[in-house]
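Computation of the quantities below employed the complete heavy-atom set of this structure, encompassing side-chain atoms and omitting hydrogens, waters and symmetry-equivalent molecules. Each chain gets a letter, A, B and so on, in the order the sequences are listed, and its residues count up from 1.
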Amino acid sequence: MSKVKPALVQGTRDLSPDMMYKRSYVISVIKEVFEKYAFQPLETPAMERLDTLTGKYGDEGDRLIFRILNSGDFKKEVPADVWQTAESNTLAGLICEKALRYDLTVPFARFVAMNRHAIALPFKRYQIQPVWRADRPQKGRYREFYQCDADVVGSTSLWQEVELALIYAEVFEKLKLPVRIRLNSRKLLNSVALKAGAGEKFGIFITILDKLDKIGRQSVVDEWLKAGFDASGIGSLSSWIFDEKVDLLKVEKHLGAENEGLEEVRFVLEKVKSLNPDAPLLFDPTLARGLDYYTGCIFEVVAEGVAVGSIGGGGRYDNLTGIFGVEGIPGVGISFGLDRILLALEERGLTGFAQVSKACVMVTGLSEEDMPFAAEVAYAFRKAEISTELYPIATKLKKSLEYANKTAIPFVAIIGEDERSKRSFTLKNLKTGEQSSFALTDNQGWMKAFSVG
RNA sequence: GUGGCUGUAGCUCAGUUGGUCAGAGCGUCGGAUUGUGGUUCCGAAGGUCGUGGGUUCGAGACCCAUCUGCCACCCCA
């Protein structure tokens, strides 16, 4: 076999032990909160049938789906002339029947459609798994990344939105990451678009609106006008919609009191704030979100002071399972972008929570004769539920202490001839340099020493 | 998918108009210290200058391609 230079696929990365400690912690926080709000775990396969995924994310989304080449003699299935003349895209459709999942929501919808009979509604599930997108990587943008989703299907109650917003607030509070949770409603956006005379061109309208952060108010207005929307409508719209803090009463004045979207937003905002006054939830009429399937409330989370894009998003979709032939099951869900959350924590220096050492204590023997007893000591520690590493060869103390120091193991139990003959060990605290001797049978003694460190 | 920037020892980077320019710091390894690390001192190893072509008497430096990272667009976690 010829030698290959080791390399990673574009947009992917290895997660070192160092990173894994941090990730595990963040995942544990998210999972804990999900379970506290009574969501149940679910996992689905990395690959789905291609037709399960296509058409769910818009044209742009379809392009970003990683397709999997058929096994076997896939060429045989394609007529020669087609093979010659077809566009790459068409051809890919003929030789790929599977794809890597693009998000967790559509596979979940597929699961619900397939298991409708076995599920008690409302069904609340959470799912923490990687997804893949054939995007061009940038900072905080990977081709393989983790999403942590919580969705409820089978309930139209706005209390679900309230609880999901509370989850967002609680997770980021626990992670000590300052965020802004933006809230809007697609229905409200619809009314806004109507005011602007957007009518059929709702998509174009919100796409332009969505660019507000990047291009600024004036450019948004200009683009709207260029797109041919009603000038007077836009004029009155721009008098309030870009305000930093939008007063709901003001919105009501412009859209009328009988506005469903406004009522949704008001309800969620009020209930969340009354339960958790510190929740950083705020109404933002300019929040649009691109995904085709949202129909009600929409959420987006951005980290304060860190440019990593949004670290979470979600919303309500009235009929996601419809395309799988199961009608009338509404859903609402949120997603956490694990990789971006970690990036944000990293940039703000908030990863101090991470466990730094794999082991609490390392046992080292000075000669081969000491090794059996060293192993016995290590085993005794483990029986006491202490994470223990046995230095695998008898070596100079300098060596093993250096190793313990580098890997941040706080204690070293030293076994030499003396210790072995007395069935004891010398316990050194690497932080303070103190050391004392314990009989192996003196569990209470050495357990106390460990707890002090 | 479109456009731009980038790539030199494990890491962070020097390298002048193409002609000893293959370097520094940190890290790694060995020794000072054969039962004591994190400090100090001494010494050593490690790079076909991302990769593949090309221009040139001569290229790390120029050109082309490709890969990677990053940035903008698009989109999004």
Side-chain angles (χ1 to χ4, degrees), chain A residues 4-13 16 26 30 57-65 88-89 101-105 128-149 179 203 206-208 210-211 213-215 287-292 294 298-303 306-314 334-344 362 364-367 370 391 394-420 425-435 437:
Chain A
V4 181
K5 199 176 182 185
L8 288 170
V9 168
Q10 183 185 48
T12 66
R13 63 227 160 107
S16 62
V26 173
I30 293 171
Y57 311 105
D59 293 342
E60 195 62 31
D62 282 356
R63 207 194 71 216
L64 298 177
I65 294 172
S88 300
N89 213 21
R101 65 167 166 255
Y102 176 91
D103 72 355
L104 300 177
T105 308
I128 300 175
Q129 287 190 279
V131 302
W132 294 268
R133 294 181 190 179
D135 208 348
R136 186 166 292 198
Q138 284 180 35
K139 181 179 175 188
R141 168 179 287 193
Y142 306 97
R143 304 224 280 189
E144 175 184 62
F145 61 95
Y146 269 70
Q147 289 194 326
C148 315
D149 279 25
V179 297
I206 63 167
T207 302
I208 295 171
D210 208 29
K211 289 196 246 176
D213 286 347
K214 282 178 188 166
I215 64 177
L287 173 66
R289 293 196 58 74
L291 283 183
D292 286 356
Y294 292 124
I298 47 182
F299 298 98
E300 185 165 292
V301 186
V302 288
V306 190
V308 293
S310 64
I311 57 176
I334 56 172
S335 180
F336 290 81
L338 181 62
D339 303 84
R340 286 185 178 177
I341 290 171
L342 280 155
L343 204 61
M362 185 181 85
T364 184
L366 297 178
S367 74
D370 300 325
Y391 199 80
T395 180
K396 287 195 261 186
L397 248 191
K398 181 180 158 72
K399 282 274 181 218
S400 52
L401 285 176
E402 237 168 41
Y403 174 81
N405 193 52
K406 267 179 212 158
T407 49
I409 299 173
F411 291 96
V412 174
I414 302 161
I415 314 287
E417 206 180 325
D418 282 1
E419 287 86 351
R420 171 163 43 102
F425 56 85
T426 298
L427 189 67
K428 183 179 176 84
N429 179 329
L430 288 198
K431 209 187 282 174
T432 63
E434 288 166 23
Q435 55 188 61
S437 165

Which one is paired to [N], where only Watson-Crick or G-U wobble pairs with both distances under 3.5 angstrom count?
N	value
B:U66	B:G50
B:C76	none
B:G25	B:C11
B:U16	none

Next on the checklist: Quick one, A:Phe411 with A:Lys428, criterion side chain to side chain contact (heavy atoms under 4.5 Å, CB included). Give me CA distance, side-chain angles, the key distance, then yes/no.
Outcome noted: CA-CA 6 Å; A:Phe411 291 96; A:Lys428 183 179 176 84; over 6 Å; no

Checklist entry - In terms of side-chain geometry, is the basic nitrogen of A:Arg289 or A:Glu300 positioned less than 4.0 Å from the acidic oxygen of its partner? => result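 Salt bridge present between A:Arg289 and A:Glu300.
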
Item to check | Residues A:Asp135, A:Arg141: salt bridge by 4.0 Å N-O rule | outcome: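 The answer is yes: the pair qualifies as a salt bridge.
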
When the [atom1] atoms of [M] and [N] are compared, how many Å lie between them, rounded to an integer?
N	M	atom1	value
B:G58	B:G19	P	14 Å
B:G15	B:C29	P	31 Å
B:A9	B:G47	P	10 Å
B:C67	B:G1	P	10 Å
B:G60	B:U6	C1'	15 Å
B:A61	B:C21	C1'	10 Å
B:G23	B:C49	C1'	11 Å
B:C70	B:G31	P	41 Å

Rounded distance (Å) that lies between atom [atom2] of [N] and atom [atom1] of [X]:
X	N	atom1	atom2	value
A:Glu402	B:A32	CD	P	13 Å
A:Leu366	B:U33	CG	P	19 Å
A:Met362	B:G35	CE	P	15 Å
A:Lys406	B:C26	NZ	C1'	14 Å
A:Lys396	B:G30	NZ	P	8 Å
A:Asp210	B:C75	CG	P	8 Å
A:Glu60	B:C73	CD	P	14 Å

Checklist entry - Taking all non-hydrogen atoms of both residues, which atom of A:Phe299 and which atom of A:Ile334 are closest, and how far apart? => result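 Heavy atoms only, the tightest pair is CD1-CG2, 4.0 Å.
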
Checklist entry - Taking all atoms of both residues into account, what is the closest heavy-atom pair of A:Lys139 and A:Leu343, and its distance? => result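 It is CG-CD2, 4.1 Å.
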
Checklist entry - Does any donor-acceptor pair link the side chain of A:Arg136 with the base of B:C70 at a separation under 3.5 Å? => result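 No, the side chain and the base share no sub-3.5 Å donor-acceptor pair.
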
Next on the checklist: Should the side chain of A:Gln435 and the base of B:G37 be counted as holding a donor-acceptor pair, with the cut-off at 3.5 Å?
Outcome noted: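 Answer no: no donor N or O sits under 3.5 Å from an acceptor.
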
Check nucleotides 40-44 of chain B against the protein and report each pair of N or O atoms closer than 3.5 Å, with its distance, or say if there are none.
none

Next on the checklist: Show, in sequence, the C-alpha distance, side-chain angles and deciding distance for A:Arg63 and A:Glu60, and conclude whether the salt bridge (charged side-chain N to carboxylate O under 4.0 Å, His left out) test is met.
Outcome noted: CA-CA 5 Å; A:Arg63 207 194 71 216; A:Glu60 195 62 31; 2.6 Å; yes

Among [options], the nucleotide that comes nearest once only the side chain of [X] is considered:
X	options	value
A:Ser310	B:U28, B:A72, B:A77	B:A77
A:Arg133	B:A77, B:G35, B:G37	B:A77
A:Leu430	B:G37, B:U28, B:G35	B:G37
A:Arg141	B:A77, B:C70, B:U36	B:A77
A:Ile414	B:C70, B:G1, B:U36	B:U36
A:Leu397	B:G30, B:C71, B:U36	B:U36

Item to check | A:Asn405 or A:Leu64, whichever maps to the more 5' nucleotide of RNA chain B | outcome: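 Looking at RNA chain B, the more 5' nearest nucleotide goes with A:Asn405.
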
Item to check | A:Val301 or A:Ile215, whichever maps to the more 5' nucleotide of RNA chain B | outcome: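 Per heavy-atom nearest nucleotide, the more 5' residue is A:Ile215.
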
Checklist entry - So is A:Arg133 actually on top of A:Tyr102's ring, under 6.0 Å and inside 45° of the axis? => result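 Yes, A:Arg133 lies over the aromatic ring of A:Tyr102.
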
Checklist entry - Would A:Arg13 count as a cation-pi partner of A:Tyr142, with NZ or CZ less than 6.0 Å from the six-membered ring centre and within 45° of the ring normal? => result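 Judged by the rule, A:Arg13 and A:Tyr142 form a cation-pi pair.
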
Next on the checklist: Taking any heavy-atom pair under 4.0 Å as a contact, classify A:Glu419: base, sugar-phosphate, or nothing.
Outcome noted: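 If one applies the 4.0 Å heavy-atom cut-off, A:Glu419 turns out to touch a base.
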
Checklist entry - B:A77 base stacked by A:Phe145? Criteria: ring centres under 5.5 Å, plane angle under 30°. => result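 Taking the rule of under 5.5 Å and under 30°, the ring of A:Phe145 does stack on B:A77.
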
Checklist entry - When you check the side-chain N and O atoms of A:Glu417 and A:Ser367, is any donor under 3.5 Å from an acceptor? => result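 The answer is no; no qualifying pair exists.
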
